[in-house]
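As structure tokens, the structure follows; a few thoughts come after it.
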Amino acid sequence: MFKSRISLRAVLIVSFLALGLILIAAYLLVSKEHFIRGLDAAMASNMEKTARTFSEVIGAGERQQAREFSGFDVATQWSNLPAYARSAFPNGPGESANLQKKADRTLFSRPGSIIFAMRYDTANGPLYLSQKLTSPEASTVLPQAARQNRMFTLTVSVLVIGFISIVGWLLLRHVSRPMAKLRAWTHSLDNEKLSHPVPDFSYLELNEMAELIRNSLSSVQQAVDREQRFLRHASHELRTPISIIRSNIELQRKLAQKRERLADEQSIIDRIDRASLTMKHLTETLLWLNYEPDMPLQSQTVNLPELIRELAAEMTYLLAGKPVTTEISTLPYNCTVPLVPARIILGNLIRNAYQHCWEGTVIVEQRENRITITNPAESDAQNASTKPSESTGYGLGLELTTTLSQRIGWHYTASRQGNVHHVIVEIEAFT
């Protein structure tokens with residue numbers, strides 16, 4: 001399944017850009033709102049001055065009729081104002097000095113007209129003022145003020161973007177460098193560097209992360225070293241008792257030739273012989289896996305057909321009591337290979353084929369450097385139900401074979417078609 005990988009650097013860059021755009025958008029909205037409110041405040045102030053002047057200049061008798069004064073329609077009664085004001089505000093202004101405004105506009109267009117209305121209480125009674133502004137009557141000063149406001153807003157926006165970009169670049173530079181250093185250090189860790197102190201990555205969090213990585217890898221490496229030391233020492237220590245067992249078995253066989261031996265005694269000796277041989281092969285495999293690969297491989301010329309027949313003969317005890325036959329087909333072929341790994345690999349494959357075949361024919365075929373082993377194998381369900389004590393599968397032997405084949409460059413494949421198991425080994429000769 002595909003998993004997207006997002007760079008932390010890209011996330012930070014996008015975050016800073018989004019932050020800058022949000023700040024600019026918010027500033028534009030605030031600037032626009034302040035500009036409009038400033039114009040409304042100026043309009044309210046003009047209406048207030050007009051009302052005071054009207055109250056002082058116009059006599060009491062002349063105030064009853066609505067008239068235009070200083071650009072505003074002024075009346076002592078709301079019903080005396082022009083129709084545009086009454087239709088825009090049917091109830092009229094409520095509180096004194098509270099400006100009311102109605103614009104004829106849509107969301108994304110300029111208003112065709114704006115109607116202002118206000119009530120102002122004077123010493124001689126309340127006055128009602130209104131004014132209707134249309135596009136032809138709009139002031140020439142306001143567009144200039146709007147342009148100045150837009151230029152100021154644009155200048156501030158550019159400065160904000162520049163400031164955020166500089167801060168983001170500096171932050172990325174100071175953060176990404178230690179992170180890149182931590183990443184490179186992590187990839188370069190080996191047994192030698194794990195024992196060295198952790199470098200300084202400038203930030204407390206990165207230093208703690210590096211320390212955790214080093215401690216975790218050190219724990220894993222120590223566990224692996226302990227397992228390898230145990231396997232190496234155990235393999236060495238097992239060599240002596242196994243050699244003693246096998247030598248005493250050979251001695252017992254020679255002594256038995258001078259006297260008669262019971263069938264039960266012979267059966268016991270054969271079982272001990274087979275068990276010691278299995279232990280010998282397993283010990284050689286583990287010892288070579290954990291120790292020998294550190295040393296140069298000693299190669300020698302091997303008669304491959306002879307080696308295969310020798311290993312097959314050593315494993316015939318696994319077929320005792322089974323209705324199994326073997327067919328070994330070889331052609332003359334000599335090659336230069338490391339003998340110990342070669343014996344381990346081919347021996348494991350033949351032993352697995354013999355051990356897990358309960359009836360039928362095991363076929364071992366060799367053509368130059370290609371070896372094919374075919375054996376019938378019972379289904380998993382049948383094997384588990386009929387022989388649970390021996391249902392060991394192809395686990396350890398084939399795992400060891402795979403590991404050894406990879407280390408010496410041999411091509412090894414295993415497959416199963418129905419109840420037939422196929423193994424193919426292609427030997428790469430050493431030069």
Does atom CD of E211 have more than 12 heavy-atom neighbours, drawn from other residues, nucleotides or ligands, at distances under 6.0 Å?
-> yes

Would you kindly say whether S130 and Y84 are connected by a side-chain donor-acceptor distance under 3.5 Å?
-> yes

Check: S45 side chain, A41 main-chain N or O, donor-acceptor pair, under 3.5 Å = no

Exam field: side chain K49 to backbone A44, donor-acceptor pair closer than 3.5 Å | no

Taking everything shown except E310 itself, do over 12 heavy atoms lie less than 6.0 Å from its CD?
-> yes

So does E314 pair up with R309, basic N to acidic O under 4.0 Å?
-> no

If we only count heavy atoms from C-beta on, is the N419 to P376 side-chain gap below 4.5 Å?
-> no

Judged by atom type as modelled, is there a donor-acceptor pair below 3.5 Å linking the side chain of K181 to the main-chain atoms of D200?
-> yes

Over all heavy atoms of both residues, which pair between V337 and A342 is shortest? Give the atoms and the distance, please.
-> CG2-CB, 4.1 Å

CD1 on I424 to CG on L349, rounded to 0.5 Å | 11.5 Å

P323 to W358 - nearest heavy-atom pair and separation | CD-O, 3.4 Å

Under-4.0 Å salt bridge between E365 and R370 = no

Without swapping roles, check the side chain of N303 against the backbone of N334 for a donor-acceptor pair under 3.5 Å.
-> no

Which value, rounded to the nearest 0.5 Å, describes the distance between Y333 atom OH and I371 atom CD1?
-> 10.0 Å

Here the salt bridge (Lys or Arg N to Asp or Glu O under 4.0 Å) pairs for residues 82-102, sequence neighbours left out, are D40-K101

Apply side-chain hydrogen bond (donor to acceptor under 3.5 Å, both in side chains) to R183 and list each qualifying residue two or more places apart in sequence or on a separate chain.
-> none

CE of M43: more than 12 outside heavy atoms within 6.0 angstrom?
-> yes

S329 and R367: side chain donor to acceptor below 3.5 Å | yes

Q355 backbone acceptor or donor facing K322 side chain under 3.5 Å | yes

Shortest non-hydrogen separation from L331 to P305 and the atoms involved | O-CG, 2.9 Å

Output for pair (D73 CG, K132 NZ), nearest 0.5 Å, gives 11.0 Å

On a heavy-atom basis, the closest approach of A51 and L129 is CB-CD1, 3.9 Å

Indicate the atoms forming the closest heavy-atom contact of W78 with P93, along with that distance.
-> CZ3-CD, 3.4 Å

S216: partners by side-chain hydrogen bond (donor to acceptor under 3.5 Å, both in side chains), with sequence neighbours left out | none

Any idea which heavy atoms bring Y354 and L319 closest together, and the distance?
-> O-CD2, 3.6 Å

Give a yes or no on whether the backbone of T361 and the side-chain of E327 come within a donor-acceptor separation of less than 3.5 Å.
-> no

